Amino acid sequence: MRKELKSRLSVIIHSPNHNTDDKLLKICQLLDQEIDYFNWTGFYFRNGDKEELVLGPYVGAATDHAVIPFGKGICGQVAVSGATFLVPDVQKQDNYLSCSMDTKSEIVVPILKEGKNIGQIDIDSHEIDPFTPEDQELLEWICDELAKVLV
Ligand code: SME
């Protein structure tokens, strides 16, 4: 299944006919559609040289967290660490920014371009501990592929 999903994602990522925001939104839509427990799927990007993230394309409920300072929440911590952060149960995290009462778990994967942390993909789930190693591998693969096409 993941192999087929990757090939569909690859077509989107490397499409010459779509601009970056279109590609990012289509990735969110496809993941949201194909993986039941992905209940909010979106991107955040570093705001120029500022130590803050800004919300990019997403699918899911509107969020109050359109701007996140580095270090704040799961996203802000990944902006600093440059490492995947898997949170099986958000209630057990002190440094967490709640977007929705329904969210029970979250995974954030950085997009590293030439070693620089330029943004991230963020997935929230309404289930506790749903994310598999296969999900993490898929999201890291997406971020690696995106790093090749994002400027
Ligand atoms: N929960 C995130 C904030 C972003 S929302 O999930 C869309 C965090 O703690 O960084």
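Ligands are counted one by one from 1 in listed order, and the atoms in each one are counted from 1 as well. Predicted model only: the values in this text are computed from it and were never measured.
- Ion pairing between E34 and R8 holds under the 4.0 Å rule for side-chain N and carboxylate O.
- Within ligand 1, counting atoms from 1 as listed, the ones closer than 4.0 Å to a heavy atom of Y96 are 1 (N), 9 (O).
- Taking 4.0 Å as the cut-off, Y44 counts as a neighbour of ligand 1 on heavy-atom distance.
- F131 and Y37 have perpendicular rings, their planes meeting at more than 60° on a 0 to 90° scale where under 30° would count as parallel.
- Between D129 and K104 no salt bridge is recorded (no basic side-chain N to carboxylate O distance below 4.0 Å).
- The heavy-atom pair separating T132 from R2 by the smallest distance is OG1-NH2, 4.4 Å.
- Considering both main-chain and side-chain atoms, L97 comes within under 3.5 Å of ligand 1 through a nitrogen or oxygen pair.
- Under the 4.0 Å criterion applied to side-chain N and carboxylate O atoms, K23 and E145 are not assigned as salt-bridge partners.
- By the criterion of a heavy-atom distance under 4.0 Å, the side chain of C99, and not its backbone, is placed next to ligand 1.
- Polar contact check, G73 against ligand 1: no nitrogen or oxygen pair lies under 3.5 Å apart.
- Residue Q91 places its CD atom among 12 or fewer non-hydrogen atoms of other residues, nucleotides or ligands, all under 6.0 Å distant.
- Taking the side chain as every heavy atom from C-beta outward, D102 and N39 never approach each other to under 4.5 Å.
- Using a 4.0 Å cut-off to heavy atoms of W40, the atoms of ligand 1 that qualify are 7 (C).
- Taking any N or O of D124, backbone or side chain, at least one lies under 3.5 Å from an N or O belonging to ligand 1.
- Shown in contact with D122 at under 4.0 Å from a heavy atom are these atoms of ligand 1, numbered in order with element: 4 (C), 5 (S), 6 (O), 7 (C).
- Residue E106 has at least one N or O atom closer than 3.5 Å to an N or O atom of ligand 1.
- Between I74 and ligand 1, an N or O atom pair is found at a separation short of 3.5 Å.
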